[in-house]
Structures are given as structure tokens and as C-alpha cells.
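A short write-up of the structure that comes next.
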Amino acid sequence: AVCSRRVQIPAVYDMIAPITELMMHLESSPAVRNRSVAVITKFLTEYPMSRDKLKSHIDLYIGNLQYSEPGGRHAMLQLIKTLILRFPTPVLREEALVFFIPLVNSMTSDADAGVKEKASEVIVALISNTGLDVVLPTVKRWLNSGDSAFRATALQSLLPTITAAA
């Protein structure tokens with residue numbers, strides 16, 4: 001209710017960190033996770049904040065893709081996907097590589113198959129909402145590197161998008 005009214009007091013800004021923690025630790029409760037994602041998304045897309053503050057939130061969520069529990073990583077991927085779908089295109093295009101590279105890492109090297117699949121879905125959403133032109137220079141660098149692991153990663157990074165388009 002507080003977020004719906006856009007009450008701009010420091011306490012509203014301070015409540016996001018505990019909501020994020022709650023979302024990651026209650027993986028057994030989809031209702032709490034979904035509500036947490038909705039509140040954080042509303043906050044990040046509707047509350048006034050500096051570009052640096054927005055980037056710090058994005059960095060926090062991307063960093064939590066390395067969270068120790070798969071449920072917490074799933075929660076972060078759900079949040080990131082929702083943000084990708086809700087951020088204005090110019091903001092998303094500017095931050096695309098900040099999302100893309102860690103998402104590719106999750107998709108290619110996470111131990112949990114469900115996390116890999118969810119990361120793949122989020123990559124498709126990212127490329128669909130930013131355009132392939134935003135990530136293609138990075139993928140081309142990986143393809144042109146002498147390292148076979150980078151080449152494999154480049155191909156894997158585009159595979160979900162190609163499969164979704166088919």
C-alpha cells in the first residue's frame with residue numbers, strides 16, 4: 001500500500017533491502033516471492049532515484065545470482081526478468097550488458113538445471129526487449145577470441161533466442 005501511494009520517505013527506500021532478503025530466503029513460499037518481486041519492481045520503476053542508485057540496486061541483484069541456495073538464485077532471476085520487462089527501453093539498452101554477461105554465466109555454469117533454464121528465459125527476454133544489436137558486439141568478441149570456451153559461451157548465449165524465435 002505504501003508503494004502504491006508513492007510515499008517518499010527514507011523508510012520506504014530502506015525497506016527494499018529486507019524485502020530482497022525475504023524474497024531470497026523464502027524460496028518455499030512462491031506467494032511471498034511474487035509479492036516481493038512486485039514491490040521491488042514497483043519501487044525501481046516508479047520511485048525517483050539517481051542513475052547511480054538504480055545501478056547499485058541492479059548490481060546487488062546481479063551479484064545475488066551467485067547466492068548459495070538455488071531458490072534464492074531463482075528468485076533473483078524472477079526479479080531480473082520482471083525488471084527487464086518493465087524498465088523503459090533506453091534504460092534497459094544502457095544496462096543490457098550488466099545483465100547479459102552474468103546471465104550467460106548463470107546459464108552456462110550454474111550447478112542447478114532449473115537456474116540454467118530460468119537464466120535462458122531471462123536472456124531471451126533481455127534480447128527481445130533491447131534488440132540483438134546491443135549484445136552482438138560482445139558475442140562477436142567471444143566468437144573471435146582464440147579461446148574455445150569463449151566461443152562455446154558465445155554460441156550458448158544466442159541459442160535461447162534462436163530457439164525462441166523458431
Side-chain angles (χ1 to χ4, degrees), residues 1-4 10-47 49 51-87 91-92 94-130 134-135 138-139 142 147 149-150 152-164:
V2 172
C3 278
S4 295
V12 173
Y13 291 85
D14 294 341
M15 77 176 185
I16 295 303
I19 291 173
T20 302
E21 287 293 319
L22 183 70
M23 177 181 69
M24 290 184 346
H25 293 298
L26 290 176
E27 69 246 14
S28 61
S29 176
V32 171
R33 183 178 2 178
N34 291 340
R35 191 68 192 137
S36 298
V37 166
V39 169
I40 293 168
T41 300
K42 186 167 196 65
F43 174 76
L44 291 178
T45 58
E46 296 181 12
Y47 269 71
M49 69 182 73
R51 181 68 93 189
D52 287 341
K53 191 62 176 169
L54 177 63
K55 285 181 185 232
S56 74
H57 283 284
I58 292 170
D59 290 344
L60 172 69
Y61 305 135
I62 291 296
N64 279 319
L65 289 176
Q66 301 300 315
Y67 188 72
S68 61
E69 295 296 320
R73 295 193 305 273
H74 277 276
M76 282 301 112
L77 287 165
Q78 180 181 347
L79 173 62
I80 291 167
K81 184 176 182 183
T82 303
L83 292 173
I84 286 169
L85 296 173
R86 295 278 311 275
F87 275 156
V91 172
L92 189 56
E94 184 177 313
E95 299 297 327
L97 291 179
V98 173
F99 288 113
F100 182 68
I101 294 169
L103 287 169
V104 169
N105 184 50
S106 291
M107 182 188 71
T108 59
S109 60
D110 198 282
D112 185 85
V115 170
K116 287 182 174 188
E117 184 178 329
K118 185 71 174 177
S120 176
E121 290 174 23
V122 179
I123 289 169
V124 169
L126 178 67
I127 292 173
S128 296
N129 286 290
T130 61
V134 176
V135 299
T138 300
V139 173
W142 293 342
D147 187 336
F150 274 124
T153 299
L155 294 173
Q156 286 177 314
S157 72
L158 293 179
L159 192 59
T161 305
I162 293 167
T163 304

Trace of the side chain to side chain contact (heavy atoms under 4.5 Å, CB included) decision for S36 with R33: CA-CA 5 Å; S36 298; R33 183 178 2 178; 5.6 Å; no
Check step by step if side chain to side chain contact (heavy atoms under 4.5 Å, CB included) holds for L54 and F87. CA-CA 11 Å; L54 177 63; F87 275 156; 3.9 Å; yes
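Of all non-hydrogen atoms in V139 and S157, the two that sit nearest each other are CG2-OG, 3.6 Å.
Rounding to the nearest 0.5 Å places CG of L77 at 8.5 Å from CD1 of I62. N64 CG to D59 CG: the interatomic distance, rounded to the nearest 0.5 Å, is 11.0 Å. With rounding to the nearest 0.5 Å, the separation of CD1 in I40 from CD1 in I19 is 6.0 Å.
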Could you list the donor-acceptor pairs under 3.5 angstrom formed between side-chain atoms of residues 94-110 and any protein atom two or more places apart in sequence or on another chain?
unit_1, atom_1, unit_2, atom_2, d
E95, OE2, K55, NZ, 3.2
N105, OD1, S109, OG, 3.0
S106, OG, P102, O, 3.3
T108, OG1, V104, O, 2.9
T108, OG1, N105, O, 3.4
S109, OG, N105, O, 2.7
D110, OD1, R73, NH2, 3.0
D110, OD1, D112, N, 2.8
D110, OD2, R73, NE, 2.8

Under 3.5 Å donor-acceptor pairs involving side-chain atoms of residues 116-126, not counting sequence neighbours:
none

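For D147, the side chain to side chain contact (heavy atoms under 4.5 Å, CB included) criterion is met by S145, A149, F150, not counting sequence neighbours. Evaluation of the side-chain hydrogen bond (donor to acceptor under 3.5 Å, both in side chains) rule for T138 yields R141 as partners, not counting sequence neighbours. Remark: H57 engages F43 in a ring pair (Phe, Tyr, Trp, His ring centres under 6.0 Å) (not counting sequence neighbours). Applying the side-chain hydrogen bond (donor to acceptor under 3.5 Å, both in side chains) criterion to N34, with sequence neighbours excluded, gives Q78.
Under the 3.5 Å distance criterion, the side-chain polar atoms of T41 are left unmatched by any main-chain donor or acceptor of A38.
Between Y61 and L44 there is a side-chain heavy-atom pair separated by less than 4.5 Å. Proximity of M23 to R35: side-chain heavy atoms (C-beta onward) are nowhere separated by under 4.5 Å.
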